[in-house]
Structures are given as C-alpha cells and as structure tokens.
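Because only heavy atoms are used, hydrogens play no part in the values below, and waters and symmetry mates are left out as well, while side chains stay in.
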Amino acid sequence: MTSTRTTPLSVLDLAPVSAGSTSRDALLDSTALARRADELGYSRFWVAEHHSMPAVASTSPAVLISHLASATRRVRVGSGGVMLPNHPPLVIAEQFAMLEALHPGRIDLGIGRAPGADPMTAAALRRTVEGLGAEDFPRELRDLRAMLGQEDAGRASSAARRLIATPVQESTPQVWLLGSSLFSAQLAGELGLPFSYASHFATGRTLEAAAAYRAAFRPSAVLDQPHLMVSASVIVAGSDEEAEYLAGPSRVMSLSLRTGRLGPVVSPDDARELLAALDPQAARDFFAQSPGTQVATTAERAVAELDDLVARSGADELLVTSTTHDLAARVRTLEALAEGWGLTPSGQESSPASGAADPASAAAAV
C-alpha cells in the first residue's frame, strides 16, 4: 500500500459563488484558500474552466492563475483544466508561456477535452466548429505542445512547427492531460504525459481508467513511466452529521446541473429543505451516481478513505476539491486533511522552493 506520507496532496478549486455573495467574493475566497494551501504544504493548487454557471467564478484560468501565483510562495499553480476545444492552441500556449516566464517552475497546464460549457457558449468561445470534435483533440494537443517547444515538430502540424509561443521562457510549464473517460486515459498514455483522472465526477471507472492509462503508456521525453493523479470531493468536519450537513449545498449543485436550474451555492439550511422535498428513492438513486461530495466525514475517516483510493488506484498524487457555502468549511477541510495526511507546512520543507512532486523526476524535466 502506498503511504499517505509519500503521496503528494493537492487542491482543485472552482471559486464557488455562494448565495448572497458576489463573484469577487468567490475569487477573494479562492485567493485566501490558495494561500492557506501554500502554508499547509499542499503540492498544487489548480483552478478549472467553467462558463455560464452562476455557481462558478473560475471562467479564465490563466488570469486567475497569474493572480494566485503572485499571492502564494511555493505551491505549484495551474489549470485543472483549460478546455482545449474552446481556444486556439496558440492562445493557450502564449498565456502559459507568459505565466511560466513570470513564475518559473511553478506553473501547471492541465488540458481537458470537454467544453466546460453549454453548446451555445462553447460556439461563442471558439467562433468556429473546426477543432471541436474528439478526432481533432490529439492534433491540437500536439500543436499546443509544439508551440511551447515541448514536442517533436515533425509530429505537429506544419503551421505549429513555424510558431513558438512568446514570451520565450527559460523553463516550460508542466503539461498534464485531464479526463473522465478512457479516451483521455489512453491518449495520455500514448503521448507519455502525466494524467489526472476526474474521479470526483464519480463515474465509477477510476480503476478502469488507471489501467487503461498504464496499458497505453509509452515512455517519452517527459516521462519514462506512468504518472497518475486521481481526484476526490471531500468535506471534513467534527462529526459525520456535521459533514453531511455541510455537504448539502454540493448535492443541490449536482442536482441543479442535471436539471439545468443553475444558481449560486445555497446555504446548508436551504439545501436541507430542498433535499428533504425530494422523493427519497429517486434522491438515493441520483446521488449514488452524482453524490456532489463523495467523502463527507471526520478527518480520521476521510484520510482512511483517501488512503484506500490511493491504494486501489495506485495513484502517484491525489487531488481534493470541496464545494461548500462558506470559505471557513473549505479551509477547515484542508487543515484537517493536511494534519491527517502528514503534510509538511511551508517553511519546514527539506526540499527546494517549488516543494511539489515532479512527474518528470524519473526522466527529463517537463
């Protein structure tokens, strides 16, 4: 079994917008959470791209990453992820080249294939249907990496071979492939990239995706062996009852995504009333597939469940995310997990400044 003390722990944050608050409040909360994660010894702090969702303020990861990297000292900051179909590869390459130039050695570029938006918003972002299909994704990913100087130009398109993202940086961001499907797992393996599986979506295919990634893996200039991260949605409290109470808003959010009735993150009291009004059997069936929060319990039990996830999946890193109505609950969750997981607080590290696990440590630098 992998030891929790040797498995890096990181954070995925959506900048949730709570009822009665503003997007600015949400972004300031994310900044405070990133600073606390940095102090506690978390390895990475990632933000995700979502659009046209009243409950999520994280629409422009590159802009938010720049702010968060400036507000923190050690933690790697990145995207979990940027959705490649929404943007021309050169735009992403230039954004992350600039981030890396400003914060060398601390930038992660997690790339996803889903649009993170409804079809109308996705069309408005891209302005063309070209490059939106799954068959286009591998080529556009190769082009993006070529523009960052990370890929053999012979495998990229002729246009990408002539383009190098500026500003030209001395180092280059770590590129991860993200996904919740076997397609992404297999592609990450074929390209020899680190892979982050969205287990917090509760698709039930985490172990299958992990096996598919390892089976498809081919050594590359980036990695000589597979490097897998898995995610989990977690809320920690002093008792199971309190944790379930705090998890109510995330479950209402999960339900609202399925029904299209989008809104800000409701309070735990409002969530309790809304959930109580549901048909009990239908609610049980729905939340078995889309729990909103997978692990809602005490610190000791949460650490045990996460340790079991690492052991079953063989994950090299673990990514945790929490959706709550208020910042305090997210901070308490990170603090409890950091203590139970045995993270080393900032300022007590024995390693150099970045402090984060490097999936390329067994091969060439990313």
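- A continuous path of Ile, Leu, Val, Met, Phe, Trp and Tyr side chains, each step under 4.5 Å between heavy atoms, connects L68 with L40, placing both in one hydrophobic cluster.
- Under the 4.0 Å criterion applied to side-chain N and carboxylate O atoms, D38 and R73 are not assigned as salt-bridge partners.
- Summarising the geometry of G263 relative to A55, their closest heavy-atom pair is O-CB, 3.2 Å, with the distance given to 0.1 Å.
- Nearest heavy atom pair, residue P226 against residue D316, reads O-OD2, 3.8 Å.
- One side chain, S250 or T293, offers a donor N or O that lies under 3.5 Å from an acceptor on the other.
- Looking at heavy atoms from C-beta onward, Q174 lies in side-chain contact with R44 at the 4.5 angstrom threshold.
- Using a 3.5 Å distance cut-off with no hydrogens or angles, the side chains of H51 and E49 do pair a donor with an acceptor.
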Q) Where do T321 and D13 land on the side chain to side chain contact (heavy atoms under 4.5 Å, CB included) test, with the steps shown first? A) CA-CA 6 Å; T321 184; D13 189 60; 6.0 Å; no
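- Of the possible polar contacts, none joining the S184 side chain to the G179 backbone as a donor-acceptor pair under 3.5 Å is found.
- The distance from the CG atom of L275 to the CG atom of D270 is 10.5 Å, given to the nearest 0.5 Å.
- In E305, the CD atom is crowded: over 12 heavy atoms of neighbouring residues, nucleotides or ligands sit closer than 6.0 Å.
- Across all their heavy atoms, F45 and S30 have their closest contact at CZ-O, 3.8 Å.
- In terms of modelled atom types and a separation under 3.5 Å, the side chain of S79 and the main chain of G110 share a donor-acceptor contact.
- Between E244 and R251 a salt bridge is recorded (basic side-chain N to carboxylate O distance below 4.0 Å).
- Defined by atom type and a distance below 3.5 Å, a donor-acceptor pair is present between the side-chain atoms of W46 and D108.
- Taking each heavy atom of V222 and P194 in turn, the nearest pair found is CG1-CD, 4.1 Å.
- Closest heavy-atom contact between P167 and A97: O-CB, 3.6 Å.
- Side-chain contact check for L207 versus R312: some heavy-atom pair is nearer than 4.5 Å.
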Q: Output, in order, the C-alpha distance, side-chain angles, deciding distance and verdict of side chain to side chain contact (heavy atoms under 4.5 Å, CB included) for Y213 and L182.
A: CA-CA 8 Å; Y213 170 57; L182 299 186; over 6 Å; no
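- Both V11 and Y197 are members of a single hydrophobic cluster when ILVMFWY side chains are connected at heavy-atom separations under 4.5 Å.
- Proximity of a side-chain donor or acceptor of S233 to a complementary backbone N or O of Q294 within less than 3.5 Å is detected.
- The cationic atom of R113 (NZ for Lys, CZ for Arg) lies less than 6.0 Å from the six-membered ring centre of F183 and within 45° of the ring axis.
- Each of R145, E140, R139 was scored for a side chain to side chain contact (heavy atoms under 4.5 Å, CB included) with P89, with one residue passing: E140.
- No side-chain donor-acceptor contact under 3.5 Å links T72 to the backbone of V75.
- Side-chain contact between E94 and L148 is absent, with no heavy atoms from C-beta onward closer than 4.5 Å.
- Taken together through direct or relayed side-chain contacts under 4.5 Å among Ile, Leu, Val, Met, Phe, Trp and Tyr, L9 and L228 form part of one hydrophobic cluster.
- A donor-acceptor contact closer than 3.5 angstrom is absent between the side chains of W341 and E339.
- For R214, the CZ atom counts as densely surrounded, since its 6.0 Å shell holds more than 12 non-hydrogen atoms of other residues, nucleotides or ligands.
- By the 4.5 Å heavy-atom criterion applied to side chains, R332 and I235 are not counted as neighbours.
- Here NE2 of H67 is found 7.5 Å from CG of L27. Values are rounded to the nearest 0.5 Å.
- Looking only at side-chain heavy atoms (C-beta outward), P249 and P268 come within less than 4.5 Å of each other.
- L246 and V265 are not part of a single hydrophobic cluster, where members link through side-chain heavy atoms under 4.5 Å apart.
- Side-chain contact between S196 and V230 is absent, with no heavy atoms from C-beta onward closer than 4.5 Å.
- L33 has its side chain within reach of L334: a pair of non-hydrogen atoms, C-beta onward, lies under 4.5 Å apart.
- Residues satisfying the side-chain contact (heavy atoms from CB on, under 4.5 Å) criterion with H103, sequence neighbours excluded, are A69, S70, R106, I107.
- At distances below 3.5 Å, not a single donor-acceptor pair connects side-chain atoms of D143 with backbone N or O atoms of A146.
- With a 4.5 Å cut-off on side-chain heavy atoms, L144 and V175 do not count as touching.
- Side-chain N/O atoms of E317 and H227 include a donor and acceptor closer than 3.5 Å.
- A donor-acceptor contact closer than 3.5 angstrom is absent between the side chains of Q150 and R142.
- Under the 4.5 Å side-chain heavy-atom criterion for ILVMFWY residues, a single connected hydrophobic cluster contains both V331 and V320.
- Judged as a side-chain contact (heavy atoms from CB on, under 4.5 Å), and not counting sequence neighbours, the contacts of E39 are R36.
- In this structure, a donor-acceptor pair under 3.5 Å is present between the side chains of S231 and H200.
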Q) Given the rule in the side chain to side chain donor-acceptor pair (under 3.5 Å) test, do H50 and T59 qualify, once you have shown the distances and angles that lead to the verdict? A) CA-CA 5 Å; H50 291 281; T59 55; over 6 Å; no
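- Looking at every heavy atom in both residues, A315 comes nearest to T7 through O-CG2, 4.3 Å.
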